[in-house]
Amino acid sequence: MNLKRIITFVIVCVLATMTLTAKGRKSKEPVRITCIGASITEGATTADPSRDSYPAQLQRMLGNTYAVSNYGVSGCTMLKKGDSPYWNTEAYQNALASDPDIVFIDLGGNDSKAVNRVHMDEFVKDACEMIASFQNLPSKPRIIVLTPIVSFVEDPDGIYDAVINRLVAPKTIDAADRMRVEVLDMHPILKRHPELMPDCIHPNAEGSEMMAKKMYEYLTAWPEKPSDHMTIDAMANNPFITHLYTADPSAHVWDDGRLYVYASHDIFPPRGCDYMDRYHVFSTDNMIDWTDHGEILHSGQVPWGRREGGYMWAPDCAYKDGTYYFYFPHPSGTNTGPTWKIGIATSKEPAANFTVQGYIEGVPSFIDPCVFMDDDGQVYLYNGGGGKCYGGRLKDNMVELDGPMVEMEGLYDFHEGTWVHKYNGNYYLTYPDNFIDPSRGNKQYNRMHYAMSKSPLGPWEYKGIMLEETDCDTSHGSIVEYKGQWYMFYHNCALSGRGNLRSICVDRLYYNEDGTIQIVEQRNRSFLDRY
């Protein structure tokens with residue numbers, strides 16, 4: 001080998017060694033996480049932001065294989081035309097220069113202020129540009145957008161939760177979807193914990209810890225960027241549960257960020273609704289992939305229940321102080337009519353290990369319990385049937401009435417299946433009617449109606465139909481918000497063609513500017529071709 005070749009070989013070897021050494025150093029360096037946001041990111045109102053802010057607590061949870069940097073600036077907006085744009089801060093420039101591997105973007109809460117929301121039409125554009133400014137960095141970081149947390153401020157000109165729900169969170173998700181980045185829904189985390197937000201806006205150290213824990217659990221569950229886009233742009237086909245027959249879906253979003261549906265079970269072969277039994281729970285984090293958590297309760301586990309079993313009809317569930325309360329209707333005697341009771345089972349888990357505790361004394365002998373927790377923590381119980389709907393308060397123990405239940409006033413053509421939710425300061429009571437369809441052989445096909453009130457116990461103002469009939473003679477539904485979008489859950493019998501073998505479905509729900517509800521568009525109405 002001549003001298004020139006020897007020198008060339010040595011140079012190549014040295015360069016290769018340098019490259020491997022550099023790669024080795026890189027692999028041993030901590031993963032750099034950059035957190036940008038406003039005062040909540042900064043850790044405002046906590047005793048020591050360097051210790052108590054959620055980025056600082058996330059650092060402790062992740063350990064020394066990560067390096068979490070806090071670039072939060074109090075009062076900042078995503079909007080470039082906001083009163084204090086994050087774009088204009090030194091922290092933003094430092095965040096861009098931090099060579100991040102992961103970026104958390106937590107802006108939008110201040111954009112809900114009256115002074116800023118006049119520019120809300122530009123929010124998606126500005127958010128997309130913010131995301132793009134990090135996407136274009138040489139480090140090509142993974143970007144995770146956070147929806148704003150809850151606000152308990154009562155001043156509608158301030159950081160107002162109704163605006164966060166109606167405008168900021170959906171636009172945040174829209175921007176993330178357009179830019180194909182991940183979304184982490186932070187809004188539900190502190191929704192039931194006003195005590196952890198002393199000034200109604202900023203979490204204390206314990207509240208910040210809950211935020212950090214949510215982020216930690218997400219990062220450890222998804223250490224690499226998920227291959228599927230983490231938004232709710234798409235949904236599973238209707239019906240979304242097809243391996244068994246289910247009905248009466250009760251949908252809830254708990255503190256773990258998943259959406260859970262508690263459903264009754266139509267057992268094959270059916271005999272009317274007598275054989276309904278063996279409740280199941282299903283959950284999702286993307287509205288596409290649903291997990292069946294299995295059976296959580298059956299009639300044989302109800303000590304006071306009807307000895308023949310069956311009759312485990314539409315249930316509901318609530319969560320308070322670390323316990324999940326599962327409410328279910330079940331008769332205590334062979335003669336079901338006068339012996340209906342609202343049973344209670346409890347668990348420390350949302351979808352397993354429920355134990356029957358008894359039933360609520362003093363509830364009228366009707367079916368279909370609905371449990372609604374108001375923003376102040378007061379819990380209300382509803383049930384009904386045969387044209388009558390009742391509502392009343394529950395005590396803090398969740399198992400006793402706080403006074404008698406009273407009949408709800410102002411409803412039109414009520415049948416059964418009460419559901420109560422709250423949106424933008426208004427209370428909504430939805431229910432099936434007694435509709436007989438002359439164009440389909442004078443058969444009964446329940447439609448879903450709704451009424452509104454400024455009080456959870458009415459009086460109610462009837463508003464009209466919000467879900468037309470399906471192919472089923474019964475209807476039963478629930479309404480829930482998930483990741484900035486509202487949904488209507490209901491059932492049909494598209495899989496079986498039989499009204500006592502039903503299947504649960506879901507579709508998007510939209511409100512008008514005056515708070516009224518638009519008629520829900522059903523994605524599977526092919527059954528109408530049969531008529």
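The first residue in the sequence is number 1, and the count goes up from there.
With hydrogens and angles ignored, the 3.5 Å screen pairs a side-chain donor or acceptor of Y450 with a backbone N or O of I517. Within the 3.5 Å criterion, the main-chain N or O of R142 finds no donor-acceptor partner in the side chain of E182. Distance alone, capped at 3.5 Å, is enough to place a donor-acceptor pair between the T220 side chain and the E217 backbone. Put simply, the side chain of D106 never gets that close to the backbone of G37: no donor and acceptor are under 3.5 Å apart. At distances below 3.5 Å, not a single donor-acceptor pair connects side-chain atoms of D126 with backbone N or O atoms of L79. Side chain of K214 to backbone of M186: no donor-acceptor contact under 3.5 angstrom is found. H252 places a side-chain N or O within donor-acceptor distance of the main-chain N or O of C317, the cut-off being under 3.5 Å. Here the side chain of N397 pairs a donor or acceptor atom with the backbone of E400 at under 3.5 angstrom. Between the side chain of N512 and the backbone N or O of D514, no donor-acceptor pair lies under 3.5 Å. When atom types are taken as modelled, the side chain of D248 and the backbone of A263 share no donor-acceptor pair closer than 3.5 angstrom.
When side chains are defined from C-beta on, M488 does not count as touching T430, because their heavy atoms never get closer than 4.5 Å. Put simply, the side chain of V145 reaches to within 4.5 Å of the side chain of T172, judged on heavy atoms. Here the side chains of Y487 and D507 are not in contact, with every heavy-atom distance at 4.5 Å or above. Within the 4.5 Å cutoff, no side-chain heavy atoms of Y319 are placed close to those of Y325. Annotation: side chain of Y260 is in contact with side chain of H293 (closest heavy-atom distance under 4.5 Å). Between T147 and V183 there is a side-chain heavy-atom pair separated by less than 4.5 Å. With a 4.5 Å cut-off on side-chain heavy atoms, D155 and Y160 do not count as touching. The closest side-chain heavy-atom distance from F328 to W313 is not below 4.5 Å.
Aromatic rings from W290 and F282 are positioned such that their centres are separated by 6.0 Å or more. Between Y262 and Y279, a ring centre-to-centre spacing not shorter than 6.0 Å is recorded. In this structure, the ring of Y324 has its center less than 6.0 angstrom from the ring center of W254.
Listed by chain and number, the residues in a salt bridge (charged side-chain N to carboxylate O under 4.0 Å, His left out) with D52 amount to none (sequence neighbours excluded). Applying the ring pair (Phe, Tyr, Trp, His ring centres under 6.0 Å) rule to Y245 yields no partners; only residues at least two apart in sequence or on another chain are considered. Evaluation of the ring pair (Phe, Tyr, Trp, His ring centres under 6.0 Å) rule for H298 yields no partner, not counting sequence neighbours. For the ring pair (Phe, Tyr, Trp, His ring centres under 6.0 Å) test, residues two or more places apart in sequence or in another chain that qualify with W486 are H421, Y423, Y511. Scored by the side-chain contact (heavy atoms from CB on, under 4.5 Å) test, V31 finds Y66, D101, I102 as partners (sequence neighbours excluded).
Shown here for Y382 and M405, the closest heavy-atom pair between the two residues is CA-CE, 4.1 Å. For the residue pair P432 and E416, the shortest heavy atom distance occurs at CD-O, 2.5 Å. K113 approaches D83 most closely through the heavy-atom pair NZ-OD2, 4.5 Å. Listed here is the closest heavy atom pair of I296 and A352: CG2-N, 4.2 Å. Residues N70 and P55 share a closest heavy-atom pair of ND2-CG, 3.6 Å. The nearest pair of heavy atoms linking S53 to E42 is CB-O, 3.8 Å.
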Original post:
Could you go step by step and tell me if W304 and Y359 meet the ring-ring contact (aromatic ring centres under 6.0 Å, His included) rule?
Top reply: CA-CA 9 Å; W304 47 265; Y359 57 85; 5.1 Å; yes
Fill in: side chain to side chain contact (heavy atoms under 4.5 Å, CB included) between H187 and D161, worked out
CA-CA 10 Å; H187 189 266; D161 199 58; 2.8 Å; yes
Evaluate N238 against Q522 for side chain to side chain contact (heavy atoms under 4.5 Å, CB included), listing each step before the verdict. CA-CA 9 Å; N238 275 336; Q522 300 174 43; over 6 Å; no
I'd like to know whether S347 forms a side-chain hydrogen bond (donor to acceptor under 3.5 Å, both in side chains) with N353, so could you lay out the CA-CA distance, the side-chain angles of the two residues, the decisive distance to 0.1 Å, and finally the verdict. CA-CA 6 Å; S347 176; N353 299 316; 5.4 Å; no
| request: Kindly determine whether H449 and Y431 satisfy ring-ring contact (aromatic ring centres under 6.0 Å, His included), including the steps that lead there. | output: CA-CA 5 Å; H449 295 239; Y431 60 92; 5.8 Å; yes
Side chain to side chain contact (heavy atoms under 4.5 Å, CB included) between Y327 and V363, worked out: CA-CA 12 Å; Y327 298 86; V363 177; over 6 Å; no
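Inspection of the D277 and H265 side chains reveals no N or O donor paired with an N or O acceptor under 3.5 Å. Side-chain contact of N426 with K454: a donor-acceptor pair under 3.5 Å is present, judged by distance alone. Using modelled atom types and a 3.5 Å distance limit, the side chains of T34 and S98 yield a donor-acceptor pair. Between the side chains of Q357 and T346, at least one donor N or O lies within less than 3.5 Å of an accepting N or O. Inspection of the D374 and Y427 side chains reveals an N or O donor paired with an N or O acceptor under 3.5 Å. Judged by distance alone, the side chains of T41 and Y54 do bring a donor and an acceptor atom under 3.5 Å apart.
The environment of Y216 atom OH is sparse: at most 12 non-hydrogen atoms of other residues, nucleotides or ligands sit within 6.0 angstrom. Surrounding NZ of K213 are at most 12 heavy atoms belonging to other residues, nucleotides or ligands under 6.0 Å away. Heavy atoms of other residues, nucleotides or ligands lying less than 6.0 angstrom from CG of D48 number more than 12. With a 6.0 Å radius and a threshold of 12 heavy atoms from other residues, nucleotides or ligands, D396 has its CG atom at or below the threshold.
A salt bridge does not link E521 with R508: none of the charged nitrogens is closer than 4.0 Å to a carboxylate oxygen. Using a 4.0 Å cut-off between charged side-chain N and carboxylate O, R502 and D266 make a salt bridge. Taking a cutoff of 4.0 Å between a charged side-chain nitrogen and a carboxylate oxygen, D375 and K422 qualify as a salt bridge.
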Can you give me every donor-acceptor pair (side chain of residues 193-205, partner residue at least two apart or in another chain, under 3.5 Å) with its distance?
unit_1	atom_1	unit_2	atom_2	d
H193	ND1	E195	OE2	3.1
H193	NE2	D255	OD2	3.4
D199	OD1	I201	N	3.0
D199	OD1	H202	N	2.7
D199	OD2	H202	ND1	2.6
H202	NE2	S39	OG	2.7
N204	OD1	E206	N	3.1
N204	OD1	G207	N	2.8

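With respect to F489, the side chain to side chain contact (heavy atoms under 4.5 Å, CB included) criterion is satisfied by exactly one of L509, I479, I504, V261: V261.
With rounding to the nearest 0.5 Å, the separation of CD1 in I36 from CG in L107 is 5.0 Å.
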